[in-house]
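Below is one structure, written out as structure tokens; the observations come after it.
Heads up: numbering here begins at 1 and tracks the sequence. All values below come from the heavy atoms of this structure, side chains included, with hydrogens, waters and symmetry mates left out. In listed order, ligands and their atoms are each counted from 1.
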Amino acid sequence: MRAVSASTLLARLVTLTGVVALDNGLAVTPQLGWNTWNSFACSLNETVILNAAQRIVDLGFKDLGYEYIVLDDCWSAGRNSSGYLIANATKFPSGIDGLASKIHALGLKVGIYSSAGTLTCARYSGSLGYEEKDAELWASWEIDYLKYDNCYNQGEEGTPKLSYDRYNAMGQALNKTGRPILYSMCNWGSDGPWNFASTIANSWRTSGDLLNTWDRDDANCPCAELDGLDCKTPGFRCSVLNVLNKAVYYVSKAFPGAWNDLDMLQVGNGGLSDQESIAHFSLWAAFKSPLLMTNVMTKIDAQTLSILQNPAVLAISQDPMGSSVSRIWRHPVADVDANGYGEIQLFSGNLMGGDQVVVLLNGGTQAREMNATLEDIFWESGVAGTASQVQQAWDVYDVWANRMDNETANAIINGTAVPAGSRFNATARGGAPRVYSQPPVVGDRWLMGSKVASVQPRGTVTARVAAHGVALLRLRAQSSKKNEL
Ligand SMILES: *[C@@H]1O[C@H](CO)[C@@H](O)[C@H](O)[C@H]1NC(C)=O
Ligand SMILES: *[C@@H]1O[C@H](CO)[C@@H](O)[C@H](O)[C@H]1NC(C)=O
Ligand SMILES: *[C@@H]1O[C@H](CO)[C@@H](O)[C@H](O)[C@H]1NC(C)=O
Ligand SMILES: *[C@@H]1O[C@H](CO)[C@@H](O)[C@H](O)[C@H]1NC(C)=O
Ligand SMILES: *[C@@H]1O[C@H](CO)[C@@H](O)[C@H](O)[C@H]1NC(C)=O
Ligand SMILES: *[C@@H]1O[C@H](CO)[C@@H](O)[C@H](O)[C@H]1NC(C)=O
Ligand SMILES: *[C@@H]1O[C@H](CO)[C@@H](O)[C@H](O)[C@H]1NC(C)=O
Ligand SMILES: *[C@@H]1O[C@H](CO)[C@@H](O)[C@H](O)[C@H]1NC(C)=O
């Protein structure tokens, strides 16, 4: 089954020609940062946030482009008698404005959280009916980002218009402040935000909260696919594969400044194996989802650091074309896991300068050789082998080939100085995100990966893929001018 239809291609064309993005100049590439929720929930405070922000600078995450430090729920303590939100003074002795200026001093940006309802999900004051007051206050605190949830919405959803109106109220309020504030909608995919949110928000969640699991079934998050189950329930406690298998239907709806958000990263939070973490991070990058880390930065381990700091993966996330991969095929396999899941999938998408990104996903329990024909890889550029790219010879680069080794990662974590000019010193590599704005040159293995194969015209790309893992590949035409250093 080909996932891409003529109507999808048409929708993409309409996006290119007709739909206007939110005009706030932000999230031209998917936002990168860190959020408090998955690790701290309601026990966030100034100390843990500043510690995380300092680590994000010291460990080199900032150099790689991670930029936003986002406070999630539970920062507030209600409203004062004039109707303005007040911060919990025990948790935030410097106030949110004081914390914001400390985070700004580190060269990072600050995000805050509220809900388009009467209460937030943890039952603090929500912003419904208070949009202008809240936006005004956040702007006065020099906030750069808003994550806007969907709890206690008073039943004001169920049609796209009801959801649009409720979320547009905050979008208008943010705009009115005159401060560019990245607007991250979090309505869990209710009423199809991919169809109405691109003119009012910089990103919108496609489904319920991502749980720290690969493919576990959860009654709260049904409908991993269009299989006749109730697909309108946003769900919560969704697995990596569940979120992925829902998002495949909306990939053509995103474009620079307006992204599908598959939810925050669970890398480093303990529930995923190394290969599953690599697959999760690779797929979120290839889908152009915002990448918000949520691990405890002061306790990061080498494995986690070397996943989140792979610049070749970030170069795919931050590719200036902003084009998501699409699913080309999906097949069941016999080696299912204890949850009854087992499948393989091929994803493919365009990158700037004529490169192509290919993801081979192995959801089986055994490592396997996987094949993708050029005809399939370039299906969206011309069906059934009609794309001109199928007639070309390509070099295949493994984007994970140069993952940082544990010793280097531990040296960075321990604070042992990374020698100037070290291959893993992001500053020495020329800084980021500037480095992502051009297609990487072939000699730059840290952005490009390493060449592992060549494919002749009409040929097949083959990769060995670990169980519950991916091969993340960048294809470059052998004739490309980009090959000249
Ligand atoms: C507000 O919206 C207008 C019209 O879309 C846009 O030109 C302007 O840049 C926006 N301002 C901010 C601060 O987002
Ligand atoms: C901040 O939160 C952390 C983690 O919840 C806690 O251990 C610490 O005591 C808190 N610090 C302050 C000053 O409240
Ligand atoms: C403020 O935070 C402190 C420390 O976590 C907590 O004990 C208190 O209940 C909070 N106040 C409100 C109003 O939420
Ligand atoms: C309520 O908070 C706002 C914003 O911080 C402040 O300007 C105002 O003076 C406060 N009102 C009262 C009654 O404390
Ligand atoms: C991939 O192709 C190779 C030969 O080109 C073949 O031996 C292998 O069975 C194929 N694998 C799959 C999963 O189709
Ligand atoms: C890195 O460390 C992890 C656990 O700390 C281990 O599982 C993994 O094999 C190590 N990788 C290498 C390349 O040594
Ligand atoms: C980092 O610190 C740990 C704990 O002190 C130590 O065991 C390890 O050898 C250090 N690794 C490096 C590469 O410095
Ligand atoms: C990276 O190298 C630069 C010099 O090129 C140096 O100033 C900086 O401290 C190094 N960063 C780390 C994390 O070691």
Side-chain angles (χ1 to χ4, degrees), residues 33-59 68-106 108 110-115 117-149 151-152 169-170 172-179 181 209 212 264-266 268-271 292-301 304 413:
W34 181 85
N35 173 298
T36 53
W37 185 254
N38 288 340
S39 287
F40 294 101
C42 281
S43 43
L44 81 177
N45 58 38
E46 174 168 334
T47 309
V48 297
I49 293 164
L50 281 178
N51 285 346
Q54 188 67 54
R55 292 296 272 171
I56 281 165
V57 174
D58 293 346
L59 299 178
Y68 291 99
I69 306 294
V70 182
L71 285 62
D72 209 289
D73 206 348
C74 305
W75 60 266
S76 95
R79 295 186 182 276
N80 68 17
S81 57
S82 339
Y84 286 92
L85 288 168
I86 45 179
N88 182 318
T90 312
K91 291 174 177 169
F92 297 100
S94 313
I96 305 292
D97 51 348
L99 173 61
S101 72
K102 290 178 191 180
I103 293 173
H104 285 148
L106 293 171
L108 297 166
V110 193
I112 205 148
Y113 165 97
S114 190
S115 181
T118 50
L119 297 173
T120 68
C121 296
R123 304 184 58 87
Y124 289 86
S125 299
S127 294
L128 191 65
Y130 290 89
E131 290 85 358
E132 293 206 356
K133 273 200 160 80
D134 293 355
E136 181 199 325
L137 181 65
W138 296 327
S140 78
W141 289 347
E142 305 202 316
I143 294 292
D144 306 297
Y145 184 116
L146 172 66
K147 173 178 174 180
Y148 202 39
D149 219 328
C151 284
Y152 298 96
M170 181 56 82
Q172 294 300 321
L174 292 174
N175 181 278
K176 205 174 155 186
T177 68
R179 182 175 176 85
I181 297 177
D209 285 6
N212 195 2
M264 305 180 290
L265 296 169
Q266 290 284 11
N269 294 340
L292 276 292
M293 309 180 286
T294 62
N295 57 300
V296 181
M297 276 295 164
T298 50
K299 294 183 180 163
I300 193 168
D301 60 25
T304 302
I413 291 166

*asked:* If the cut-off is 4.0 Å to any non-hydrogen atom of Y124, which atoms of ligand 3 fall inside it?
replied: 14 (O)
*Would you call D73 and K147 a salt bridge, taking side-chain N to carboxylate O under 4.0 Å as the test?*
no
*State which residue, out of W141, W37, F40, fulfils the ring-ring contact (aromatic ring centres under 6.0 Å, His included) condition with W75.*
W141
*asked:* Any donor-acceptor pair under 3.5 Å linking the side-chain atoms of Q172 with those of N175?
replied: no
*Applying side-chain hydrogen bond (donor to acceptor under 3.5 Å, both in side chains), which residue pairs with at least one partner in residues 48-57 are found, sequence neighbours left out?*
Q54-D58
*asked:* Going by the rule side chain to side chain donor-acceptor pair (under 3.5 Å), which residues pair with E131 if we only count those two or more places apart in sequence or in a different chain?
replied: none
Distance dump, ligand 4 polar atoms to protein, N/O, under 3.5 Å:
from, atom 1, to, atom 2, distance (Å)
ligand 4, 2 (O), N80, ND2, 2.3
ligand 4, 11 (N), N80, ND2, 2.9
ligand 4, 11 (N), S82, OG, 2.7
ligand 4, 14 (O), N80, ND2, 3.4

*For ligand 3, which atoms sit closer than 4.0 Å to a heavy atom of A77?*
13 (C)
*Looking at K176 and E136, does any basic side-chain N land under 4.0 Å from a carboxylate oxygen?*
no
_Please check whether N45 reaches ligand 2 - meaning an N/O of the residue sits under 3.5 Å from an N/O of the ligand, judged on distance alone._
yes
_Suppose I only count heavy atoms of N88 and a 4.0 Å limit; which atoms of ligand 3 are within that range?_
1 (C), 2 (O), 3 (C), 8 (C), 10 (C), 11 (N), 12 (C), 14 (O)
*Taking only heavy atoms of T47, which atoms of ligand 2 are found under 4.0 Å from at least one of them?*
13 (C)
*Can R79 be said to sit on top of Y84's aromatic six-ring, NZ or CZ under 6.0 Å from centre and within 45° of the ring axis?*
no
*Pairing residues for V57 by the side chain to side chain contact (heavy atoms under 4.5 Å, CB included) criterion, not counting sequence neighbours*: K62, L106, L108
